[in-house]
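Both ligands and their constituent atoms are indexed starting at 1 by order of listing. Numbers for residues simply follow the sequence, beginning at 1.
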Amino acid sequence: MASNKKLLILAGDGIGPEAMTQVRRVVDWMDKRRSVGFDIDEGLVGGAAIDAEGAPVSDATVEKAMNSDAVLLGAVGGPKWDDLPFAQKPERGLLRLRKDMVLFANLRPALCFDALVDASALKPELVSGLDIMIVRELTGGIYFGEPRGIEELPDGTRRGINTQVYTTPEIQRVARVAFDLAKKRGNRLCSVEKANVMESGVLWREEVTKLGAAEFPEVELSHMYADNCAMQLVRNPKQFDVIVTDNLFGDILSDAAAMLTGSLGMLPSASLGDMDAQGRRMALYEPVHGSAPDIAGQNKANPLATLLSFAMMLRYSFDLGDDADLIEQAVQDVLAAGKRTGDIAQPGQPVVSTSEMGDAILAALDKRAA
Ligand code: NAD
């Protein structure tokens with residue numbers, strides 16, 4: 001038995017805890033059946049933390065997160081906390097975790113499960129077999145650059161300012177994550193910016209090119225302008241393997257890519273930081289969806305995005321690709337068997353509950369592992 005992994009679970013608000021309950025069953029299954037053991041700790045984040053601890057994430061929880069091998073988060077937010085001032089909202093808990101853990105690389109896979117090709121907004125032949133990974137820079141760029149603000153002008157009008165700014169180390173560290181991923185996948189990386197109109201884009205392109213030549217000559221590197229990339233993602237998404245891009249373009253392009261796969265309830269993500277001297281990388285895994293207050297507490301949520309986030313954790317934090325594959329295959333199996341929560345059901349198709357989806361996953365895992 002390998003040494004136990006320290007896993008912090010922050011289920012959060014709304015459907016977060018319901019989805020997480022099903023994922024816990026899979027974690028326990030892995031714990032018993034596979035060569036991986038977990039020391040699990042739990043904490044509060046978002047509205048749940050505001051109510052119980054007076055802040056969207058407590059210092060103690062941040063400390064635990066920093067000392068964990070990985071964090072698995074459910075979702076935060078809900079109408080109960082909508083009227084709080086911006087700085088006290090549930091989402092600030094998530095933002096603080098990302099900031100304090102310096103999670104600079106956001107990984108958003110867009111994977112189309114065969115059984116769900118009809119759920120995509122695109123034609124089945126365009127998305128069938130789709131498997132792309134978008135790596136978005138998460139802690140720099142225009143969302144954080146200075147100067148920023150809104151200022152009054154002498155003529156009584158106003159000016160809004162944000163600054164797109166990137167340095168060599170910021171570009172290199174996220175590009176390195178993307179090159180590494182490409183090496184483990186189809187060996188192709190497409191770097192996306194707007195070097196035609198932005199100096200930060202020129203720098204981005206030059207630095208990625210230099211890094212590729214120096215450290216990853218075996219990875220096929222291409223470059224694309226962000227506007228063209230948006231078009232190509234809906235025209236011919238299967239041309240991509242890994243895409244790396246900045247914070248702003250990544251925000252938009254990863255959401256566009258998400259819709260290629262059909263439902264928010266199926267989309268996992270990972271946010272990665274730097275590696276420490278022991279080779280441990282700060283990492284937080286979470287579904288892309290929010291707390292879905294409209295269905296919270298009704299046993300209707302699709303737990304698969306959270307489950308697939310756990311699979312990403314196995315793959316990227318613990319190097320347990322076989323166990324991650326097993327979970328992804330179990331998801332394929334239950335979808336192929338026609339199990340659908342409401343978000344991924346076609347009209348007229350029978351719908352299973354959150355817990356029934358969990359049952360089906362465990363049964364599929366048992367069958368695969370038999
Ligand atoms: P949402 O993702 O919570 O929900 C959007 C729609 O998708 C809803 O109709 C919901 O029922 C459905 N949906 C989402 N996930 C689903 C799942 N797993 N299974 C079935 N259906 C699912 O987005 P929203 O409604 O814009 O936001 C609700 C709350 O979540 C807000 O407070 C928002 O701030 C917060 N939010 C949090 C995160 C996060 O925790 N990372 C992300 C987005 C939104």
Side-chain angles (χ1 to χ4, degrees), residues 9-23 26 43-51 56-57 61 65 71-99 101 103 106-108 113 116 119 121 136 138 143 250-252 254-255 258-259 261-271 283-312 331 334-335 339-346 349 351-358 360-361:
I9 291 186
L10 305 173
D13 308 318
I15 61 168
E18 298 166 57
M20 198 63 82
T21 299
Q22 301 312 314
V23 177
V26 175
L44 299 174
V45 70
I50 293 172
D51 290 351
V57 67
T61 303
V71 179
L72 184 63
L73 189 139
V76 298
K80 182 175 175 194
W81 306 280
D82 274 353
D83 296 332
L84 288 175
F86 187 67
Q88 293 162 28
K89 279 189 187 292
E91 288 75 6
R92 301 303 293 183
L94 188 48
L95 293 179
R96 175 161 176 213
L97 282 167
R98 285 179 185 158
K99 182 163 169 280
M101 294 169 78
L103 302 173
N106 184 227
L107 278 53
R108 292 265 302 259
F113 289 95
L116 294 184
R136 164 188 172 193
L138 201 59
Y143 293 162
D251 193 0
I252 298 164
S254 60
D255 269 12
M259 280 329 289
T261 68
S263 168
L264 266 175
M266 295 297 301
L267 294 169
S269 79
S271 300
L284 183 144
Y285 298 83
E286 57 179 323
V288 169
H289 63 71
S291 58
D294 52 335
I295 55 165
Q298 299 171 40
N299 203 17
K300 286 183 178 167
N302 183 348
L304 296 180
T306 313
L307 179 62
L308 292 168
S309 303
F310 173 63
M312 285 187 84
V331 170
V334 300
L335 294 174
K339 303 286 183 200
R340 299 281 188 280
T341 42
D343 58 311
I344 50 173
Q346 296 291 322
Q349 209 174 8
V351 163
V352 300
S353 66
T354 310
S355 47
E356 285 166 342
M357 187 58 104
I361 290 287

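Interface atoms of ligand 1 facing Gly77, defined by a heavy-atom separation under 4.0 Å, are 32 (O). Heavy-atom proximity to Ile15, at under 4.0 Å, picks out these atoms of ligand 1: 15 (N), 16 (C), 17 (C), 18 (N). The contact set between ligand 1 and Glu286, taken as ligand atoms under 4.0 Å from a residue heavy atom, comprises 41 (N). Shown in contact with Ala301 at under 4.0 Å from a heavy atom are these atoms of ligand 1, numbered in order with element: 19 (N). Taking every non-hydrogen atom of Ala75 and a distance limit under 4.0 Å, the qualifying atoms of ligand 1 come out as 40 (O). Atoms of ligand 1 lying under 4.0 Å from any heavy atom of Gly265, numbered from 1 in the order shown and given with element: 17 (C), 18 (N).
Note: an N/O pair closer than 3.5 Å links Ser291 and ligand 1 by distance alone. Not one N or O of Pro287 is nearer than 3.5 Å to an N or O of ligand 1, by distance alone.
The backbone N or O of Ser355 sits less than 3.5 Å from a side-chain atom of Asn299, completing a donor-acceptor pair. No donor-acceptor pair closer than 3.5 Å links the side chain of Ser309 to the backbone N or O of Tyr285.
Under 4.0 Å from ligand 1, not a single heavy atom of Leu73 appears. Contacts between Asn302 and ligand 1, counted as non-hydrogen atom pairs separated by less than 4.0 Å, involve both the backbone and the side chain.
Once rounded to the nearest 0.5 Å, the distance linking CG of Leu103 with CG of Leu284 reads 6.0 Å. Note: Lys89 NZ to Ile50 CD1 = 9.0 Å, rounded to the nearest 0.5 Å. Here the CG atom belonging to Leu304 is positioned 7.5 Å from the CZ atom belonging to Phe113, to the nearest 0.5 angstrom. Between the CD atom in Glu356 and the CD atom in Gln22 there is a gap of 10.0 Å [rounded to 0.5 Å].
Shortest contact from atom 33 (C) of ligand 1 to any protein heavy atom: Glu91 OE2, 3.5 Å. The shortest contact between atom 25 (O) of ligand 1 and any protein heavy atom is with Pro293 CD, 4.5 Å. The closest protein non-hydrogen atom to atom 14 (C) of ligand 1 is His289 CB, 3.7 Å. Looking only at heavy atoms of the protein, atom 5 (C) of ligand 1 is closest to Leu264 CD1, 3.9 Å. With hydrogens left out, the protein atom closest to atom 32 (O) of ligand 1 is Gly78 N, 3.1 Å, a heavy atom. Looking at atom 22 (C) of ligand 1, its nearest protein heavy atom turns out to be Ile295 CD1, 4.1 Å. Protein heavy atom at the shortest distance from atom 43 (C) of ligand 1 is Gly290 CA, 3.6 Å. Of all protein heavy atoms, the one closest to atom 13 (N) of ligand 1 is Ala292 CB, 4.0 Å.
Here the shortest heavy-atom pairing between Ser291 and Gly77 reads OG-O, 2.7 Å.
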Is there a salt bridge (charged side-chain N to carboxylate O under 4.0 Å, His left out) between Asp255 and Arg108? Walk through the geometry before answering. CA-CA 9 Å; Asp255 269 12; Arg108 292 265 302 259; 2.9 Å; yes
Can you check side chain to side chain contact (heavy atoms under 4.5 Å, CB included) on Thr341 and Val352, steps first, answer last? CA-CA 5 Å; Thr341 42; Val352 300; 4.3 Å; yes
Intermediate values then yes/no, salt bridge (charged side-chain N to carboxylate O under 4.0 Å, His left out), Lys80 and Asp13: CA-CA 10 Å; Lys80 182 175 175 194; Asp13 308 318; over 6 Å; no
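Taking each of Asp82, Asp294, Val76 in turn, the one with a heavy atom nearest to atom 11 (O) of ligand 1 proves to be Asp294.
Counting only heavy atoms, the protein never gets under 4.0 Å from atom 27 (O) of ligand 1.
In this structure, Trp81 and Gln88 have side chains that are not in contact, with every pair of non-hydrogen atoms separated by 4.5 Å or more.
Here the options are Val57, Leu73, Val45, the test is side-chain contact (heavy atoms from CB on, under 4.5 Å), and the partner is Leu94; only Leu73 passes.
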